[in-house]
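Here's the structure we're looking at; comments come further down.
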Amino acid sequence: MALLTILEFPDPKLRTIAREVQKFDHRIINIIDDMFETMYQAPGIGLAATQVDIHQRIITIDISEDKNQPLVLINPHFSILDDDTEMMQEGCLSVPGFYEEIERPKHIRVLAQDKTGKALNFTATDLLAVCIQHEIDHLDGKLFVDYLSKLKRSRIKTKLEKAHRQQNLPHS
Ligand code: QAP
Ligand code: CO
């Protein structure tokens, strides 16, 4: 098990389109274990492999209060079930310290595979639906800041770039 480094906006690697998982072997299990360790430590409720510079279609989620309901989705897809949308305050481990209201479909059907390659097919609503959509966006190189105005996005970019520069400065 290992903690992985989380890429932060505006790192261009976050724009990479992830590839489908084809072989469900021990290397995929290792990636999943490391992603859960990294997500729980952060702490976060969702993480996409893209965020830890692994460009395969894998996401980990746990929206439970007690952090004891891990959900891994491999090669995930979703379809929108109706016209209902929901405004939710979203954050992202790759955009630390920033939270904004985003509108997304509220009811979705999810098709994916589990860590053994078995097919999953379920509906999701509310926070789980939002979280799955947010994480699938990462696999397509998309971030929640892309839904904001240019002005809001560029303010966030400037602030994070400044924070990154200060992190890289030697300490006195
Ligand atoms: C995506 O995000 C999400 O800024 C998962 O300083 C979030 O786990 C989907 C986090 C909200 C739906 C609603 C963010 C941790 C965690 C930060 C996360 C931070 C520390 C974000
Ligand atoms: Co995110």
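We count ligands from 1, going down the list as the structure has it; atoms in each ligand are counted the same way.
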Q | Atom pair CG/CD of L127 and E86 - distance to nearest 0.5 Å | A | 8.5 Å

Q. Nearest to atom 12 (C) of ligand 1, what protein heavy atom do you find, and at what distance?
A. V130 CG1, 3.7 Å

Q. Is there a heavy atom of F144 sitting under 4.0 angstrom from any atom of ligand 1?
A. no

Q | Atoms of ligand 1 close to H134 [distance to a heavy atom under 4.0 angstrom, numbered from 1] | A | 1 (C)

(Q) Do K142 and Y147 form a cation-pi contact, if we require the NZ or CZ to be under 6.0 Å from the six-membered ring centre and within 45 degrees of the ring's axis? (A) yes

Q) Which ligand 1 atoms, with their elements, are less than 4.0 angstrom from a heavy-atom of G46? A) 5 (C), 8 (O)

Q: Please write down residue, atom name and distance for the protein heavy atom closest to atom 17 (C) of ligand 1.
A: Y99 OH, 3.0 Å

Q: Looking only at protein heavy atoms, identify the closest one to atom 16 (C) of ligand 1 and say how far it is in Å.
A: L93 CD2, 3.5 Å

Q. Does the distance from a Lys or Arg side-chain N to an Asp or Glu carboxylate O, for E161 and K157, drop under 4.0 Å?
A. yes

Q: May I ask you to list the atoms of ligand 1 that are less than 4.0 angstrom from any heavy atom of P43?
A: 15 (C), 16 (C)

Q: Just need the protein heavy atom nearest to atom 8 (O) of ligand 1, so name the residue and atom and give the distance.
A: I45 N, 2.8 Å

(Q) Would you compute the distance between atom CD1 of I108 and atom CG of D82 and round it to the nearest 0.5 angstrom? (A) 11.0 Å

Q: Please say whether more than 12 non-hydrogen atoms of neighbouring residues, nucleotides or ligands are located less than 6.0 Å from CZ in R15.
A: yes

Q | Interfacing atoms of ligand 1 (cut-off 4.0 Å, heavy-atom, E135) | A | 1 (C), 5 (C)

Q | H138: its N/O/S atom lying closest to the Co ion (ligand 2) (atom name) | A | NE2

(Q) Does this structure show an ion pair linking K115 with D33, if we count only N-O contacts that are shorter than 4.0 Å? (A) no

Q. Rounded to 10°, how many degrees is the angle SG/C92-the Co ion (ligand 2)-NE2/H134?
A. 120°

Q | Spatial distance of atom CD (Q51) from atom CG (D11) [nearest 0.5 Å] | A | 11.5 Å

Q | Where ligand 1 meets V95 - atom numbers and elements under 4.0 angstrom, heavy-atom basis | A | 4 (O)

Q.
Minimum distance, heavy atoms only, to atom 4 (O) of ligand 1: which one of S94, G97, G91, C131 is it?
A. G97

Q: Please confirm whether L47 comes under 4.0 Å of ligand 1, counting heavy atoms of the residue only.
A: no

Q: Could you verify whether a donor N or O on one side chain and an acceptor N or O on the other, from S64 and D66, lie under 3.5 Å apart?
A: no

Q: Group every Ile, Leu, Val, Met, Phe, Trp and Tyr by side-chain heavy-atom contacts under 4.5 Å, then state whether I136 and L71 land in the same group.
A: yes

Q: Run the numbers for me: atoms of ligand 1, each under 4.0 Å from some heavy atom of G44, listed by number.
A: 8 (O)

Q: Could you tell me whether the side chains of D53 and H55 share a donor-acceptor contact shorter than 3.5 Å?
A: yes

